[in-house]
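Just so it is clear, the structure is predicted and the values come from calculations on it, not from any experiment. Chain naming here is simple, since letters A, B, ... match the order of the sequence lines and numbering starts at 1 in each.
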Protein chains: 2
Amino acid sequence: MVKSVTLKDVAKRVGVTAAAASMALSGSDRISDTTREAVKEAARELGYVPSSAGRALRNQRAGAVALIVPNSSQHVFGHMYFMHVLTGVSESANAHDTQVLVSTNADEAQGVAAYERVMRSRSADGAIVTSAAIDDDNIQRLVASGLPVVLIGNFPYLDDAVSVGIDDVTATRRITEHLVEVHGRRNLLHVTGTLDHQTGVDRRQGFLDAVQAAGARGDIIEGDLSEQSGALAVELALSSAEAGTPGVFPYDGVVFANDDMALGGMRILRSKGVAVPTDVSVVGFDDFGLARVTTPGITTMRIPAEEMARIATERLFGLIDGTADLAAPSHLELPVEFIARASCGCADG
Amino acid sequence: MVKSVTLKDVAKRVGVTAAAASMALSGSDRISDTTREAVKEAARELGYVPSSAGRALRNQRAGAVALIVPNSSQHVFGHMYFMHVLTGVSESANAHDTQVLVSTNADEAQGVAAYERVMRSRSADGAIVTSAAIDDDNIQRLVASGLPVVLIGNFPYLDDAVSVGIDDVTATRRITEHLVEVHGRRNLLHVTGTLDHQTGVDRRQGFLDAVQAAGARGDIIEGDLSEQSGALAVELALSSAEAGTPGVFPYDGVVFANDDMALGGMRILRSKGVAVPTDVSVVGFDDFGLARVTTPGITTMRIPAEEMARIATERLFGLIDGTADLAAPSHLELPVEFIARASCGCADG
DNA sequence: CTGAAAGCGCTTACAG
DNA sequence: CTGAAAGCGCTTACAG
């Protein structure tokens with residue numbers, strides 16, 4: 001259908017061998033100046049672009065990195081978080097003249113996750129894995145296989161794995177302390193993320209640390225990061241017998257493990273006539289876009305997702321090229337940023 | 001670093017040639033049942049996965065499609081629209097056992113857009129191009145080159161190009177009519193999208209068609225799809241001399257070309273004490289997530305981005321495989337869905 | 001110094 | 001029927 005221009009075509013036009021043309025294009029000084037220029041000229045005229053397959057086969061290098069969304073966290077696909085990650089990965093990959101492959105999990109044919117097949121087929125020279133579950137076997141195998149992999153997130157059980165994350169425990173402790181210290185809240189509820197992900201566990205821990213240190217009340221309801229589960233958690237709290245009077249919200253502060261759940265929770269609170277932030281202070285986590293546009297805006301911890309991804313990809317290239325600084329800690333932690341908005345009582349609007 | 005298992009390894013283990021092993025794995029009946037099973041068993045044991053580069057070179061097929069974001073629309077990267085598109089493309093690609101390459105425009109080295117290099121290097125067998133500008137030369141060249149390409153959007157100037165879009169003119173006419181007919185609005189403003197994109201032009205046309213048919217007033221302010229430009233447009237309208245009294249908003253209905261601008265506009269209206277929807281009915285376009293979470297929720301036209309992408313990718317495979325239905329129209333239009341929310345005065349909340 | 005072979009991994013067309 | 005060569009496009013190590 002389309003005439004592919006190969007190195008041979010370029011070589012033939014100049015009257016040299018393909019090998020010579022290859023060397024000319026790579027700027028080798030084995031080739032005379034005149035020939036080299038002639039080859040470059042011919043390549044330009046013909047619109048020659050090296051075949052990625054030919055190169056990959058010869059160089060044993062795909063010239064691509066894979067961005068993997070494990071089946072254990074399909075919920076991130078379709079979320080702004082992933083866009084930020086993709087942006088960061090692309091930026092770094094572009095700088096390294098490398099393609100980006102996005103690999104979701106299609107089939108799990110013969111027990112091998114699709115993304116492991118991607119790696120084993122050498123379609124990509126390395127992989128960025130984002131937000132895998134704690135006990136995701138496929139990821140563990142991928143890391144153990146020795147293929148260059150950098151994880152985004154915290155993986156205490158995979159302590160030899162290279163990873164880039166944030167300190168969820170400290171971040172959640174800080175935002176909980178904000179509720180206690182700045183807004184005087186003493187009856188707190190935490191709606192958790194998915195507890196099979198380390199972030200879910202860590203954020204819960206940070207919350208518990210803060211309420212314990214403050215001597216405040218700190219209850220826990222398990223959520224799953226969806227807007228709906230935030231709504232359900234609030235409904236559960238409202239209907240709880242402990243509330244004394246059903247319909248009266250028994251907390252004066254809620255720490256949601258992400259902004260989506262905070263939105264769902266605020267919806268229910270409003271519909272039941274519970275005022276945010278007057279009656280209840282609400283905070284979320286993430287700041288991937290949503291927290292800024294709701295009414296009231298959600299006070300939150302901003303995760304530097306794009307930067308995490310960019311740094312993770314840089315580290316991945318270090319692994320691939322063998323230039324990785326072996327003295328560097330395998331796990332890197334980036335700072336989060338506290339963003340005060342109206343839902344906790346800080347800003348107006 | 002990692003021992004790659006090749007076909008030769010599998011073959012050696014069974015005591016046949018690589019060629020025979022290849023045939024065995026592909027299920028050829030040239031190979032005896034026992035040998036075939038032995039080869040498959042060996043492949044399983046060794047964890048053999050075919051090299052994508054070897055296959056690509058031999059089959060002259062990359063086994064990948066590219067999803068391209070032209071430099072003329074970098075604003076879509078980092079927007080939920082792109083996530084929906086990526087989801088749709090991935091779904092279809094997975095079904096075809098094909099990789100997805102995401103290609104943003106890095107360098108524009110030697111006048112060739114990065115994505116044209118991707119195509120010419122045969123890293124991908126075809127490309128999905130999303131939301132290109134009307135006069136984007138690179139895209140036109142890509143289409144003209146004969147490489148399999150399917151565009152998402154409307155491209156009347158590229159009438160031989162295969163594309164999947166929506167009818168922006170009709171959709172915008174309908175949502176404008178809604179303001180006139182259901183809410184009795186007569187003084188309308190349209191804040192346009194980027195007018196170098198066909199959607200911007202078409203939505204403006206739909207708005208103008210509707211106001212003309214209704215005999216209503218219909219002013220235009222040019223925007224660029226950003227939240228900020230929506231805010232600026234409203235500020236401009238507020239300060240306009242025509243308004244008579246500055247600070248009084250001179251319209252009772254605003255049709256924003258997307259939801260982001262509607263949000264920005266509503267922010268300013270609220271801050272100036274103009275009530276939405278009581279004083280002014282507001283509508284947007286897209287419904288990629290934001291319109292549902294604002295207060296009030298934004299009445300909008302939902303673009304079926306994921307389905308557009310899925311269908312576009314299916315058509316792309318038709319082109320690549322040469323099984324495309326030549327009788328099918330080159331441009332396909334999908335229906336949009338009117339979503340009534342509070343910003344126009346329909347729902348409450 | 002330079003020409004041309006070898007080989008990356010695969011699959012199919014060909015020779016026996 | 002089956003064995004093994006040829007060749008996809010590339011680049012480097014080798015032979016001259």
Side-chain angles (χ1 to χ4, degrees), chain A residues 1-36 38-40 42-43 46-64 97 117-125, chain B residues 1-36 38-40 42-43 46-64 97 117-125:
Chain A
M1 134 166 302
V2 180
K3 71 293 140 205
S4 252
V5 180
T6 74
L7 201 49
K8 223 196 304 190
D9 300 323
V10 176
K12 194 182 299 175
R13 166 165 248 182
V14 182
V16 297
T17 67
S22 170
M23 293 173 130
L25 288 176
S26 73
S28 160
D29 53 10
R30 244 192 69 165
I31 307 297
S32 76
D33 285 6
T34 49
T35 306
R36 199 170 23 183
V39 170
K40 288 190 174 175
L46 296 172
Y48 169 71
V49 178
S51 151
S52 61
R55 274 218 165 137
L57 197 53
R58 165 72 219 200
N59 297 340
Q60 299 290 72
R61 260 263 211 161
D97 209 17
R117 292 182 64 80
V118 171
M119 297 310 296
R120 294 214 171 283
S121 73
R122 283 138 286 156
S123 298
D125 301 314
Chain B
M1 133 165 303
V2 180
K3 71 293 144 208
S4 252
V5 179
T6 74
L7 201 48
K8 223 194 306 189
D9 300 323
V10 175
K12 193 182 302 175
R13 168 162 238 177
V14 182
V16 297
T17 67
S22 171
M23 293 174 131
L25 288 175
S26 73
S28 160
D29 51 11
R30 246 192 69 166
I31 307 296
S32 76
D33 286 4
T34 49
T35 306
R36 199 170 23 184
V39 170
K40 288 191 176 176
L46 295 172
Y48 170 73
V49 178
S51 149
S52 60
R55 273 217 166 137
L57 196 54
R58 164 74 219 200
N59 297 342
Q60 299 289 73
R61 260 261 211 161
D97 208 17
R117 292 183 63 81
V118 171
M119 297 309 296
R120 293 215 171 282
S121 72
R122 284 137 286 155
S123 298
D125 302 313

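Scored by the salt bridge (charged side-chain N to carboxylate O under 4.0 Å, His left out) test, B:Arg30 finds no partners at all (sequence neighbours excluded). Residues passing the side-chain hydrogen bond (donor to acceptor under 3.5 Å, both in side chains) test with B:Arg36, sequence neighbours excluded: B:Asp33. For B:Ser52, the side-chain hydrogen bond (donor to acceptor under 3.5 Å, both in side chains) partners two or more places apart in sequence, or in a different chain, are A:Ser123. Partners of B:Ser28 according to the side-chain hydrogen bond (donor to acceptor under 3.5 Å, both in side chains) rule, which considers only residues two or more places apart in sequence or in another chain, do not exist here.
When rounded to the nearest whole Å, the span between CG of B:Asp29 and P of D:dT2 equals 11 Å. The CG atom of A:Asp125 sits 18 Å away from the P atom of C:dC8 (whole-angstrom rounding). Computed from coordinates, the B:Ile31 CD1 to D:dA4 P distance equals 13 Å when rounded to whole Å. Following rounding to the nearest Å, A:Lys8 (NZ) and C:dG3 (P) show an atom-to-atom distance of 18 Å. To the nearest angstrom, P of D:dC10 lies 14 Å from CZ of B:Arg120. Between the CG atom of A:Leu57 and the P atom of D:dC8 there is a distance of 13 Å, given to the nearest Å.
In DNA chain C, the stems built from three or more successive Watson-Crick or G-U pairs (distances below 3.5 Å) are C:1-3 with D:14-16, C:5-12 with D:5-12, C:14-16 with D:1-3.
Taken to the nearest 0.5 Å, the CD1 atom of B:Ile31 stands 11.5 Å off from the NZ atom of B:Lys40. Here the straight-line distance linking atom CE of A:Met23 with atom OG1 of A:Thr35 works out to 12.5 Å at 0.5 Å rounding. Atoms CD and OG, from A:Gln60 and B:Ser4 in turn, are 7.0 Å apart once rounded to the nearest 0.5 Å.
Comparing A:Ser51 and B:Thr17 along DNA chain D, the residue whose closest nucleotide (by nearest heavy atom) sits nearer the 5' end is B:Thr17.
Separating the C1' atom of D:dC14 from that of C:dG9 is a span of 22 Å, rounded to the nearest Å.
Of the possible polar contacts, none joining the B:Asp125 side chain to the B:Arg61 backbone as a donor-acceptor pair under 3.5 Å is found.
Distances shown here put a side-chain N or O of A:Gln60 below 4.0 Å from the OP1 or OP2 atom of C:dG9.
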Per-nt protein contacts along nucleotides 11-16 of chain D (heavy atom under 4.0 Å; B base, S backbone sugar-phosphate only, - none) come out as BBBB--
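Taking every heavy atom of both residues into account, A:Val10 and A:Ala42 meet most closely at CG1-CB, 4.0 Å.
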